[in-house]
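Scroll down for the structure; my scribbles are underneath it.
Each chain gets a letter, A, B and so on, in the order the sequences are listed, and its residues count up from 1.
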Amino acid sequence: MPELPEVETIRRGIAPQVSGRVLSDLILRRTDLRWPIPGEQLRREAVGHPIRGVERRGKYLLLPCGPGRLLLHLGMSGSLHLPEPDLPPGKHDHLDLVLDGGQRLLRLRDPRRFGALLWLTGAPEAHPLLARLGPEPLGEAFHGDHLHRLARGRRVALKNFLMDGRVVVGVGNIYAAEALFRAGLHPALVVGRLDAGQWHRLAAAVQEVLTAAIASGGTSLRDYVKSDGKPGYFKQALRVYGRVGQACGRCGTVIESLRLGQRASCFCPGCQGRG
DNA sequence: AGGTTCGCCTGCGGGC
DNA sequence: TGCCCGCAGGCGAACC
């Protein structure tokens with residue numbers, strides 16, 4: 001479940017190892033990830049060119065290379081590794097990007113195969129997967145007024161709204177729950193009824209929790225270029241996610257979970273009232 | 001058209 | 001020990 005902090009940590013981890021190296025080959029062991037990997041096109045258009053950097057948009061990683069960009073998504077179980085070139089691939093190691101003639105490998109592992117490797121040409125923001133994405137939560141375009149404006153007249157539950165990539169990118173189940181706790185807002189609130197003050201509190205809480213998680217990943221996970229599907233070292237800082245049945249650290253009320261849109265939503269009934 | 005549910009996948013933990 | 005079940009979840013598709 002790499003969410004934005006995990007993807008950002010991975011980006012920082014692999015960028016120094018990948019940037020400036022030539023993509024000299026592509027080894028595909030299976031191509032049926034979320035979408036078929038366009039192997040022929042990648043070989044024709046990307047192989048032979050240097051990878052110029054590692055960018056992130058939401059939970060997508062973008063690797064500019066020759067006339068386009070590799071787009072990587074880790075789904076919920078994907079991870080990236082930089083194995084020794086002679087290390088045999090494991091069962092779920094679906095592909096290798098071969099760099100600098102085999103001196104280095106960037107290996108994608110993804111047991112559940114919800115991830116993706118695609119090839120983008122043209123403006124990345126015009127690609128269907130990226131075109132409708134909302135602002136980066138840690139960018140200037142994300143603030144309480146933005147949320148307030150998008151929520152006007154809508155009746156979705158607050159937590160679902162926050163996890164909608166068209167509203168803001170990168171906030172998955174864990175950080176949505178944590179941000180709502182920090183803002184003192186119940187996950188089932190109808191978004192059209194929140195006021196400006198509540199939206200500003202929530203925007204600030206989203207930024208705080210993501211910033212703290214990235215900082216935690218950046219220190220504890222410095223050499224970590226993988227994601228094993230767990231919340232990583234930020235787990236110890238989680239206040240409601242994964243803590244159902246335990247006492248809230250702030251007020252002592254037992255943490256509960258409700259289902260919103262088929263998804264478990266942990267919250268503290270004491271701290272997160274409906275008003 | 002906004003809102004909800006489904007489906008893709010595998011590993012894992014719990015119950016028996 | 002082994003099997004079945006439910007759950008985890010990003011996100012596009014399908015549905016109401």
Side-chain angles (χ1 to χ4, degrees), chain A residues 1-11 29-37 56-62 71-80 89-95 108-118 120 124 126-134 136-137 147 149-180 187-194 206 210 213 226-232 234-235 238 240-245 255-266:
Chain A
M1 75 194 71
E3 300 186 27
L4 188 146
E6 290 74 30
V7 177
E8 177 61 19
T9 299
I10 290 162
R11 188 193 70 76
R29 296 181 198 88
R30 59 186 303 168
T31 58
D32 55 336
L33 303 193
R34 172 156 196 139
W35 300 286
I37 297 174
R56 181 186 59 72
R57 178 72 175 102
K59 298 172 189 168
Y60 295 96
L61 288 171
L62 298 169
L71 176 148
L72 272 170
H73 196 289
L74 299 175
M76 75 160 291
S77 62
S79 55
L80 291 171
K91 181 182 176 185
H92 301 295
D93 292 337
H94 306 312
L95 66 94
L108 175 70
R109 173 177 302 165
D110 187 4
R112 293 177 208 182
R113 306 208 308 280
F114 282 12
L117 170 61
L118 297 176
L120 270 58
H127 188 274
L129 286 175
L130 306 178
R132 295 195 192 121
L133 292 183
E136 289 288 328
L147 295 174
R149 184 170 50 79
L150 284 187
R152 203 150 284 153
R154 296 190 54 193
R155 305 191 53 77
V156 260
L158 179 54
K159 176 150 170 294
N160 294 347
F161 179 76
L162 198 53
M163 290 175 62
D164 183 342
R166 294 164 296 187
V167 173
V168 60
V169 296
V171 182
N173 204 31
I174 297 173
Y175 296 110
E178 293 300 310
L180 290 171
L189 288 171
V190 171
V191 294
R193 294 214 265 266
L194 269 66
V206 167
L210 293 179
K226 61 193 183 72
S227 169
D228 57 6
K230 298 189 181 69
F234 192 64
K235 185 176 183 180
L238 298 177
V240 286
Y241 184 89
R243 300 196 66 239
V244 174
I255 304 295
E256 292 181 12
S257 177
L258 57 83
R259 291 196 83 77
L260 289 173
Q262 306 294 83
R263 203 123 293 163
S265 303
C266 308

Taking [atom1] from [X] and [atom2] from [N], how many angstroms apart are they, rounded to a whole number?
X      : N      : atom1 : atom2 : value
A:L4   : C:dC11 : CG    : P     : 11 Å
A:R132 : C:dC11 : CZ    : C1'   : 13 Å
A:F161 : C:dC11 : CZ    : P     : 17 Å
A:L260 : C:dG9  : CG    : P     : 13 Å
A:M163 : B:dT4  : CE    : P     : 14 Å
A:R152 : B:dG2  : CZ    : P     : 16 Å
A:N160 : C:dG12 : CG    : C1'   : 16 Å
A:L118 : C:dC11 : CG    : P     : 13 Å

Would you tell me if any nitrogen or oxygen in the side chain of [X] comes within less than 4.0 Å of OP1 or OP2 on [N]?
X      : N      : result
A:R259 : C:dA8  : yes
A:H92  : B:dC9  : no
A:H73  : C:dC11 : yes

Residue whose closest nucleotide on DNA chain B lies nearer the 5' end, A:R34 versus A:K91: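 It is A:R34 whose nearest nucleotide is closer to the 5' end.
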Measuring from atom [atom1] of [X] to atom [atom2] of [Y], what distance do you get when rounded to the nearest 0.5 angstrom?
X      : Y      : atom1 : atom2 : answer
A:C266 : A:E178 : SG    : CD    : 8.5 Å
A:H94  : A:H92  : NE2   : NE2   : 6.5 Å
A:R243 : A:L238 : CZ    : CG    : 9.0 Å
A:R56  : A:I10  : CZ    : CD1   : 11.0 Å

Under 5.5 Å and under 30°: A:F114 stacked on C:dC11: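 Stacking is absent between C:dC11 and A:F114, given that the ring centres and planes do not meet under 5.5 Å and under 30°.
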Cationic N near anionic O, under 4.0 Å, A:D93 to A:R29: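 Salt bridge absent between A:D93 and A:R29.
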Distance-only donor-acceptor test (3.5 Å): side chain A:R263, base C:dA8: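 A donor-acceptor contact between them is absent.
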Side chain A:R113 and base B:dC8 donor-acceptor under 3.5 Å: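 Check fails, no donor-acceptor contact within cut-off.
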Just checking [X]: base, sugar-phosphate only, or nothing, at a heavy-atom cut-off of under 4.0 Å?
X      : value
A:R154 : sugar-phosphate
A:Y60  : sugar-phosphate
A:R166 : nothing

Closest to the A:A264 side chain, choosing from B:dG3, C:dG10, C:dA8: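 The nucleotide sitting nearest to the side chain is C:dA8.
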Side chain of A:Q262 (C-beta onward), nearest among B:dT10, C:dC11, B:dC6: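 The answer is B:dC6, which lies nearest to the side chain.
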Side chain to side chain, A:V7 and A:H73, heavy atoms closer than 4.5 Å: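 Counting from C-beta outward, A:V7 and A:H73 never come under 4.5 Å.
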Whichever of A:P128 and A:N173 has its nearest DNA chain C nucleotide further upstream toward 5':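 Nearest nucleotide further toward 5': that of A:N173.
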